Amino acid sequence: MNREMTSSFLLVTFAICELIIAVGPSELLRIGAIDVDGHFTFHPSDLSSVSSDFGMLKSPEEPLAVLHPSSAEDVARLVRTAYSSATAFPVSARGHGHSINGQAAVGRNGVVVEMNHRKTGTPDPLVRPEEMYVDVWGGELWIDVLKKTLEHGLSPKSWTDYLYLSVGGTLSNAGISGQAFHHGPQISNVLELDVVTGKGEVMRCSEDENTRLFHGVLGGLGQFGIITRARISLEPAPQRVRWIRVLYSSFKVFTEDQEYLISMHGQLKFDYVEGFVIVDEGLVNNWRSSFFSPRNPVKISSVSSNGSVLYCLEITKNYHDSDSDTADQEVEILMKKLNFIPTSVFTTDLQYVDFLDRVHKAELKLRSKNLWEVPHPWLNLFVPKSRISDFDKGVFKGILGNKTSGPILIYPMNKDK
């Protein structure tokens with residue numbers, strides 16, 4: 001296999017959908033009179049609930065109103081009112097509020113569109129098994145999309161590590177996880193969108209219809225419209241996942257193995273390739289997942305690193321119960337090609353849905369300790385292959401040292417995906 005395949009790396013993922021429309025405060029009195037099938041709310045508790053986000057880096061600022069739409073037309077009516085007004089008020093779409101720096105905030109004179117399907121009367125996901133796609137509301141959470149498609153033995157192809165994010169939110173960014181090297185990010189697996197534009201028009205777009213809008217909205221950070229429906233490509237869902245973590249003391253060897261794995265095509269390959277950096281001593285397990293049993297923790301000190309930075313390669317093999325022997329053989333063949341620390345192989349086996357929803361379990365633990373709703377000054381960067389070694393020396397081994405216990409994720413990406 002070609003280890004020199006060009007790739008880039010992304011650290012951490014995030015999600016939110018935002019549309020800011022310049023119109024005016026003098027028209028805010030008209031908001032309550034807008035004819036919608038859903039409803040507006042001005043209650044302090046509702047306003048407060050949309051005033052901050054996951055990042056918690058900005059002071060909460062309550063909007064003037066919150067729209068709970070029941071259809072794309074409700075969203076369009078609000079946007080049309082804003083667009084046609086003589087003065088300005090901002091409109092922002094909010095999914096699960098997982099932005100980092102207040103991207104879904106509108107200030108005290110704006111209106112937030114509460115897109116979360118669990119809080120609106122919007123349509124449920126519609127699975128079309130024969131056509132291998134699902135139509136979903138833009139505010140649907142990916143965890144609910146997964147549950148609905150699994151009823152038909154199907155699943156979306158590409159994911160984020162955390163499933164309690166909205167479809168419109170991740171598609172407005174990229175939607176990246178360990179499957180992206182093979183299937184591309186989530187935005188590469190969208191067949192069609194319904195979008196409310198800045199003029200309040202509901203437009204359908206795809207590769208063949210309104211193509212510029214389609215590509216502008218996907219990964220467009222909410223600057224070209226609000227996604228109200230997405231048609232997501234599906235594939236047969238596996239039943240189980242063999243989840244493996246191995247450690248490296250050499251960043252060069254670690255990245256070479258990542259690049260090798262994402263260059264593989266055909267049946268014999270891992271289904272998920274990711275990694276993370278360990279810059280301080282502690283558990284190999286981190287906050288993002290429940291990889292190891294609390295009764296049997298694995299400590300970094302059990303692996304010789306000479307006090308330096310370690311790198312963990314995270315890989316999985318999907319399979320069905322009837323194919324477990326074949327999966328074992330394929331994993332053994334693939335592992336022989338890698339150059340990790342021999343004593344650092346840690347393996348677990350679990351249901352497919354449990355693997356995809358692994359971060360939520362960690363979230364619940366942190367919430368129980370009041371450690372979830374804290375500031376998250378996260379950063380996402382694409383780093384070209386040609387500079388990733390410099391990044392390791394300057395950041396992982398330089399700036400950070402052993403001064404952080406937060407997640408530092410490294411996703412190997414193929415540029416042609």
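The basis for the numbers below is simple: all heavy atoms, side chains too, and nothing from hydrogens, waters or symmetry mates. Only a predicted model underlies this, so the values are computations on that prediction, with no experimental measurement involved. Residues take their numbers from the sequence shown, with the count starting at 1.
- The main-chain N or O of Ser206 is never found under 3.5 Å from a side-chain atom of Asn210 such that the two would form a donor-acceptor pair.
- The heavy-atom pair separating Tyr272 from Arg358 by the smallest distance is OH-NH2, 2.9 Å.
- The pair Glu192-Arg229 meets the salt-bridge criterion, since a charged nitrogen lies less than 4.0 angstrom from a carboxylate oxygen.
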Full working for salt bridge (Lys or Arg N to Asp or Glu O under 4.0 Å) between Arg204 and Glu209: CA-CA 7 Å; Arg204 184 156 297 175; Glu209 182 181 7; 5.7 Å; no

What do the steps show when you test Gln179 against His182 for side chain to side chain donor-acceptor pair (under 3.5 Å), and what is the final call? CA-CA 6 Å; Gln179 304 90 357; His182 178 55; over 6 Å; no

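- Val79 approaches Gly198 most closely through the heavy-atom pair CG1-O, 3.6 Å.
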Walk me through whether Thr326 and Tyr319 qualify under side chain to side chain donor-acceptor pair (under 3.5 Å). CA-CA 9 Å; Thr326 301; Tyr319 67 97; over 6 Å; no

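- Contacts of Pro375 classified as side-chain contact (heavy atoms from CB on, under 4.5 Å), with partners at least two apart in sequence or in another chain: Leu57.
- Remark: the Asp271 side chain and the Thr316 side chain contain no N/O donor-acceptor pair separated by less than 3.5 Å.
- Relative to the ring axis of Tyr133, Arg231 places its NZ or CZ within 45° and under 6.0 Å from the centre.
- Between Tyr248 and Leu338 the shortest heavy-atom distance is OH-CB, 4.0 Å.
- Without hydrogens or angle criteria, Ser92 side chain to Val112 main chain gives no donor-acceptor distance under 3.5 Å.
- Shown here are the salt bridge (Lys or Arg N to Asp or Glu O under 4.0 Å) partners of Asp37, two or more places apart in sequence or in another chain: there are none.
- Aromatic pair Trp243/Phe270: centroids not less than 6.0 angstrom apart.
- Of all heavy-atom pairs spanning Trp137 and Thr228, the tightest one is CE3-O, 3.0 Å.
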Go through the steps for Glu256 and Lys252 under the test salt bridge (Lys or Arg N to Asp or Glu O under 4.0 Å), then give the verdict. CA-CA 6 Å; Glu256 284 177 348; Lys252 181 177 183 292; 2.6 Å; yes

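- Arg242 is linked by a salt bridge (Lys or Arg N to Asp or Glu O under 4.0 Å) to Asp328, Asp349, counting only residues two or more places apart in sequence or in another chain.
- Ion pairing between Lys317 and Glu330 holds under the 4.0 Å rule for side-chain N and carboxylate O.
- Ala230 and Leu171 make their closest contact through CB-CD1, 3.7 Å (heavy atoms, listed as atom of the first residue, atom of the second, distance).
- For the atom pair Glu131 CD and Ser233 OG, the distance stands at 12.0 Å (nearest 0.5 Å).
- Using modelled atom types, one finds no donor on one side chain facing an acceptor on the other under 3.5 Å when comparing His43 with Thr41.
- Residue Asp74 comes nearest to Gly38 through the heavy atom pair OD2-N, 2.7 Å, listed as atom of the first residue, atom of the second, then distance.
- Partners of Asp35 under the salt bridge (Lys or Arg N to Asp or Glu O under 4.0 Å) rule, at least two apart in sequence or in another chain, do not exist in this structure.
- The existence of a salt bridge linking Asp124 and Lys148 is excluded, since no basic side-chain nitrogen approaches an acidic carboxylate oxygen closer than 4.0 Å.
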Would Glu62 and Arg108 satisfy salt bridge (Lys or Arg N to Asp or Glu O under 4.0 Å), going step by step from the backbone distance to the final call? CA-CA 6 Å; Glu62 295 180 1; Arg108 298 189 182 280; 5.5 Å; no

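- Judged as a side-chain contact (heavy atoms from CB on, under 4.5 Å), and not counting sequence neighbours, the contacts of Asp392 are Phe251, Tyr311, Phe396, Lys397.
- Judged by distance alone, the side chain of Ser172 and the main-chain N or O of Gly168 form a donor-acceptor pair under 3.5 Å.
- Using a 4.0 Å cut-off between a side-chain N of Lys or Arg and a carboxylate O of Asp or Glu, Glu373 and Arg367 qualify as a salt bridge.
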Go through the steps to decide whether Glu235 and Lys157 satisfy the test salt bridge (Lys or Arg N to Asp or Glu O under 4.0 Å), and finish with yes or no. CA-CA 6 Å; Glu235 66 177 359; Lys157 302 173 182 178; 5.7 Å; no

Before giving the answer on side chain to side chain donor-acceptor pair (under 3.5 Å), spell out for Ser99 and Asp53 the whole-Å C-alpha distance, their side-chain angles and the decisive distance to 0.1 Å. CA-CA 6 Å; Ser99 57; Asp53 59 16; 2.8 Å; yes

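- For the ring pair (Phe, Tyr, Trp, His ring centres under 6.0 Å) test, residues two or more places apart in sequence or in another chain that qualify with Trp159 are Trp142.
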